[in-house]
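Here is the structure we will look at.
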Amino acid sequence: VLLQGPLQSWRVAELAKAAEVSLGHVSGVRQLLLAHEWAAEDKSGIRLIKPDAVLDAWAAIDRWDDRTTEREYSLLINDPAEIAEKLHKCLGKQRHAFTQWSAASLRHPHTSVPVVTAYVDSFPDDEVLKKHLLARPVSSGGKLRLVIPKDEGVFRPLQTINGLPLVSDVQIYLDVLRAGLRGDEAAAELRRWPDFAGGWS
């Protein structure tokens, strides 16, 4: 939430409500940011002054495998846009949001999309995926990756592009940075984009 541009000042209670976390958690984050001189505080609240340093520190300790449970699926469909659209329709009202290459491509196209990845609250029944996408589970090399996050914070805030729900730009960056298959290039290009995370300038 703090990294969502345009950057603004936040009071502790307002930030806790927006991020849906406890006041104690926000207080701890506030102390850490001020100690590193990554944020400044005045009568209007706390505001990031070094967002790049914050994101770099977050990326350095982020571990995809430790915070997710995933399944991959092989499909007869090859077009990433078609896969994303059919998955979106298949999941219906179940909470979901696209990330990694597919989300990066929708936000700021740079590289091809080798895998369509989406966060979900729970894995759909295999028969449902087979019916709607002709999908079958595979151990690796699939064109579709569904992911259950261990922290629901990945869903806050969401954005909608071409009718599809995506995680925030910051989350896309973290998720694709070390995903391989030129994910680092997609991450770097997204972050260089002036409108990344709503713009920090």
Side-chain angles (χ1 to χ4, degrees), residues 1-4 19-22 25 29 54-75 77 80 83-108 110-130 132-133 135-161 164-191 196-197:
V1 173
L2 283 168
L3 284 165
Q4 185 64 38
E20 298 182 41
V21 295
S22 69
H25 184 72
V29 170
V54 173
L55 185 52
D56 286 341
W58 189 354
I61 63 168
D62 184 57
R63 299 292 179 269
W64 171 268
D65 291 341
D66 292 340
R67 60 180 176 83
T68 62
T69 302
E70 63 181 59
R71 290 183 184 175
E72 286 197 19
Y73 302 85
S74 174
L75 309 173
I77 308 167
I83 294 170
E85 186 63 36
K86 288 194 172 184
L87 178 65
H88 179 56
K89 289 180 179 178
C90 172
L91 294 174
K93 294 183 179 180
Q94 178 184 343
R95 186 169 64 166
H96 60 284
F98 292 91
T99 189
Q100 291 190 327
W101 304 272
S102 44
S105 180
L106 284 166
R107 280 296 283 147
H108 188 58
H110 176 65
T111 62
S112 60
V113 179
V115 182
V116 173
T117 308
Y119 284 112
V120 293
D121 281 325
S122 60
F123 294 121
D125 186 272
D126 286 349
E127 289 302 313
V128 173
L129 291 175
K130 183 178 180 180
H132 290 272
L133 289 102
R136 64 179 181 83
V138 292
S139 58
S140 63
K143 288 285 187 181
L144 172 64
R145 178 180 296 160
L146 298 183
V147 182
I148 296 178
K150 295 180 180 176
D151 179 358
E152 290 192 358
V154 300
F155 290 108
R156 294 186 294 271
L158 293 181
Q159 53 188 326
T160 302
I161 305 293
L164 299 175
L166 313 184
V167 296
S168 68
D169 286 355
V170 168
Q171 193 66 55
I172 295 169
Y173 175 83
L174 293 168
D175 291 347
V176 79
L177 181 61
R178 295 187 182 87
L181 302 174
R182 300 181 67 192
D184 57 337
E185 295 180 24
E189 188 65 25
L190 178 65
R191 187 167 172 179
F196 174 70

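All values below were derived from every heavy atom in this structure, side-chain atoms included, with hydrogens, water molecules and symmetry-related copies excluded.
- Proximity of Val54 to Leu2: side-chain heavy atoms (C-beta onward) are nowhere separated by under 4.5 Å.
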Report task. Would you check, one step at a time, whether the test side-chain contact (heavy atoms from CB on, under 4.5 Å) holds for Tyr173 with Leu3? Result -> CA-CA 12 Å; Tyr173 175 83; Leu3 284 165; over 6 Å; no

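- Side-chain contact check for Lys143 versus Ile77: every heavy-atom pair is 4.5 Å or farther apart.
- A distance of 12.0 Å separates NE2 in His108 from CD1 in Ile172, rounded to the nearest 0.5 Å.
- The shortest side-chain heavy-atom distance between Thr99 and Val154 does not fall under the 4.5 Å cut-off.
- The distance from the CG atom of Leu144 to the CG atom of Leu146 is 4.5 Å, given to the nearest 0.5 Å.
- Contacts of Ser168 classified as side-chain contact (heavy atoms from CB on, under 4.5 Å), with partners at least two apart in sequence or in another chain: Gln4, Pro157, Val170, Gln171.
- For the pair Phe155/Asp121, a side-chain contact is recorded, criterion being any heavy-atom separation below 4.5 Å from C-beta on.
- Counting heavy-atom neighbours within 6.0 Å of Lys150 NZ, excluding the residue itself, gives a total above 12.
- At distances below 3.5 Å, at least one donor-acceptor pair connects side-chain atoms of Arg156 with backbone N or O atoms of Ala19.
- To the nearest 0.5 Å, the span separating CZ on Phe98 from CG on Leu106 amounts to 8.5 Å.
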Report task. Kindly determine whether Ile148 and Val120 satisfy side-chain contact (heavy atoms from CB on, under 4.5 Å), including the steps that lead there. Result -> CA-CA 5 Å; Ile148 296 178; Val120 293; 4.1 Å; yes

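- Taking all atoms of both residues into account, the shortest heavy-atom contact from Gln94 to Ser122 is NE2-O, 2.7 Å.
- With contacts defined as side-chain heavy-atom distances shorter than 4.5 Å, the pair His110/Leu190 does not qualify.
- The shortest side-chain heavy-atom distance between Leu87 and His96 does not fall under the 4.5 Å cut-off.
- Within 6.0 Å of the NE2 atom in His25, the count of heavy atoms belonging to other residues, nucleotides or ligands does not exceed 12.
- Atom CG of residue Leu129 and atom CG of residue Leu75 lie 8.5 Å apart, to the nearest 0.5 angstrom.
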Report task. Take Val147 and Gln100 through the side-chain contact (heavy atoms from CB on, under 4.5 Å) test and state the conclusion after the steps. Result -> CA-CA 11 Å; Val147 182; Gln100 291 190 327; 5.9 Å; no

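- Distance check: Leu181 CG to Ser112 OG gives 8.5 Å after rounding to the nearest 0.5 Å.
- Side-chain atoms of Val128 and Leu133, non-hydrogen and from C-beta on, never get closer than 4.5 Å to each other.
- In this pair, Tyr119 and Trp64 present their aromatic rings tilted. The plane angle is within the 30 to 60° band.
- The list of salt bridge (Lys or Arg N to Asp or Glu O under 4.0 Å) pairs with a residue in residues 167-184, not counting sequence neighbours, reads Arg67-Asp175, Arg107-Asp169, Arg182-Glu185.
- Scanning both residues, Ser74 and Val138, for their nearest heavy atoms gives CB-CG1, 3.5 Å.
- Residues Val115 and Gly142 come closest through the heavy atom pair CG2-O, 3.7 Å.
- Scanning for side chain to side chain donor-acceptor pair (under 3.5 Å) contacts around Glu152 gives Arg95, with sequence neighbours left out.
- Between Thr117 and Ser102, the closest heavy-atom pair is N-OG, 3.4 Å.
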